[in-house]
Protein chains: 2
Amino acid sequence: MADKSERRADPLSQERIVSAAIAILDEGGAGALTFRALSARLATGSGAIYWHVADKQALLTAATDQVIAQAMARGGDGTPPDEAIRALALGVFDTIDAHPWVGAQLADDPWQHAVLRILEGVGAQVAALGVPEEGRFNAATALLSFILGLAGQYAVGSSRFGGDMDRATFLREVASQWAQLDPVEHPFVREVAAQLPQHDDRQQFLAGVDLILAGIERSRRSRRTSG
Amino acid sequence: MADKSERRADPLSQERIVSAAIAILDEGGAGALTFRALSARLATGSGAIYWHVADKQALLTAATDQVIAQAMARGGDGTPPDEAIRALALGVFDTIDAHPWVGAQLADDPWQHAVLRILEGVGAQVAALGVPEEGRFNAATALLSFILGLAGQYAVGSSRFGGDMDRATFLREVASQWAQLDPVEHPFVREVAAQLPQHDDRQQFLAGVDLILAGIERSRRSRRTSG
DNA sequence: ACCTGAACACCGTTCAAGT
DNA sequence: ACCTGAACACCGTTCAAGT
């Protein structure tokens with residue numbers, strides 16, 4: 001018989017608490033994670049959790065770190081750096097797709113370890129790409145910011161209407177809203193509304209990554225030519 | 001005699017409520033905005049606010065929209081499109097610098113009007129840049145995602161330690177933390193830590209914008225060459 | 001050392017009652 | 001039509017008391 005709550009027998013630990021938190025977040029979103037829900041699932045008192053975890057912020061950080069660490073572990077050895085960057089970016093994208101609360105959490109604290117993990121992965125490949133040391137920080141943070149920005153954007157859209165409708169229906173609805181905007185004030189958004197329903201989030205995400213990679217390649221070449 | 005609270009005489013209105021909310025957010029950050037603080041400043045009952053504003057989310061959206069609308073109003077007419085994009089991006093950056101809560105709010109709801117305003121501004125310039133219609137959406141959202149991503153990142157760092165220390169001290173502290181990371185697991189972040197203290201956020205932000213602009217230019221050329 | 005669970009100081013939101 | 005302010009249903013966090 002499946003029982004969501006854990007047996008009271010085994011003692012509490014950071015690890016068990018974080019796992020339970022991730023399960024609650026995946027099932028109900030960021031709003032569902034409360035210390036009361038958590039202690040109920042763990043069959044313990046709400047105060048007990050504070051013996052193992054400093055506070056809710058620390059819990060969210062730990063949960064995010066675990067999820068991102070798993071995503072980063074899938075390292076592409078032997079693949080060319082630009083391919084590796086695409087794979088890494090898609091890995092983050094798919095992770096946020098599977099755990100939408102991670103998007104907001106990454107944006108909420110850019111100095112947390114999970115973000116450093118992504119920066120490390122991106123930076124290593126930027127270096128492998130041949131970018132000289134002075135340019136690596138800017139190139140890596142540009143990629144990082146884009147990844148966090150678009151992935152977070154996608155996360156909200158997908159999670160907000162996750163229950164009521166699917167992504168396609170949601171996009172069609174947004175498109176019809178955009179199409180009704182003031183033509184004088186929003187000509188571009190209106191024009192782009194037509195592309196919205198049939199657009200593919202992953203494809204758009206990759207197109208952005210490729211744009212930045214092209215920019216990196218271009219500035220690398222001009223530097224070599226002029227230097 | 002300066003009095004922060006408004007005179008009870010004038011009637012409540014959406015506009016007065018939003019202005020008061022912005023003032024509270026600017027002074028105390030996102031955590032300071034409560035309906036109790038708001039009603040105290042407006043010298044009214046907490047329930048009265050609900051007659052003019054649907055809920056807290058709507059209030060935050062309206063506040064963000066007003067701040068971003070002001071930033072977008074400074075339109076650079078007559079400047080070349082790439083310059084206009086840089087100016088526009090910096091405008092958003094500086095706005096978030098002045099109102100750090102805007103960063104989180106923009107990331108929190110990517111479909112709100114404030115985000116559309118930015119997308120509209122970016123998209124118009126992307127079109128002026130000569131990008132063909134099929135490529136504009138991807139190019140504009142790439143720029144948008146980068147702007148929201150890095151600006152949000154900066155906002156958190158600057159606001160979190162706004163009271164205790166200045167940005168330079170904060171960066172020096174982060175750098176020394178990064179320098180102590182495991183060399184095997186985080187070689188890149190450790191390398192980059194050395195650049196952190198003397199780096200300029202605005203410069204890094206512009207470098208990222210330029211990278212994407214270079215990528216847009218490159219794919220525009222290759223398309224023309226191959227087409 | 002670890003856990004319990006009532007209690008505290010907050011929230012956003014509602015709503016009967018006023019003007 | 002607009003405003004009041006107590007009340008409700010929640011939060012995160014603390015802490016005396018247990019084992």
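Lettering follows sequence order; numbering is per chain, from 1.
Taking the six-membered ring where the residue is Trp, H186(B) and H113(A) present tilted rings, their angle falling between 30° and 60°. Between F146(A) and F205(A), the ring planes lie parallel to each other; the angle is under 30°, not in the 30° to 60° tilted range. Ring pair F35(B)/Y50(B) is parallel by interplanar angle, where below 30° counts as parallel and above 60° as perpendicular.
Formation of a donor-acceptor pair under 3.5 Å by the R16(A) side chain with backbone atoms of P11(A) is found in this model. In this structure, the side chain of S39(B) engages the main chain of R36(B) through a donor-acceptor pair within 3.5 Å. R136(A) contributes no side-chain N or O that, together with a main-chain N or O of G123(A), makes up a donor-acceptor pair within less than 3.5 Å. Checked by atom type and distance alone, the side chain of Q105(B) never pairs as donor or acceptor with a backbone atom of A63(B) at under 3.5 Å.
The environment of E15(B) atom CD is sparse: at most 12 non-hydrogen atoms of other residues, nucleotides or ligands sit within 6.0 angstrom.
Two residues are said to be in side-chain contact when any heavy atoms from C-beta on lie closer than 4.5 Å; D201(B) and F93(B) meet this criterion. Counting heavy atoms from C-beta on, the side chains of T64(A) and D109(A) never come closer than 4.5 Å.
For I17(A) and dC2(C), the CD1 to P distance is 12 Å, given to the nearest whole Å. Rounded to whole angstrom, the span from the CG atom of L60(B) across to the C1' atom of dG12(C) amounts to 12 Å. Distance H52(B) NE2 to dC3(D) C1': 8 Å, rounded to the nearest Å. Rounded to whole Å, the distance from CD1 on I49(B) to P on dT4(D) is 10 Å. As rounded to whole Å, 12 Å separates atom C1' of dG12(D) from atom CD of Q57(A). As a whole-Å value, the separation of D55(B) CG from dC11(C) P is 17 Å.
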Per-nucleotide pairing state of DNA chain C [Watson-Crick or G-U, under 3.5 Å; [ ] pseudoknot-crossing; | other strand]: ||.|||||...|||||.||
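Across residues 28-39 of chain A, R36(A) each have a non-hydrogen atom less than 4.0 Å from an atom of DNA chain C (numbered order).
The CD1 atom of I216(A) sits 5.0 Å away from atom CG of L211(B), with the distance rounded to the nearest 0.5 Å.
Listed pair W51(A) / dC3(C) fails the phosphate criterion, with no side-chain N or O lying under 4.0 Å from OP1 or OP2.
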Protein-to-nucleotide contact annotation, 5' to 3' order, nucleotides 14-19 of chain D [B base; S sugar-phosphate only; - none; under 4.0 Å, heavy atom]: BB----
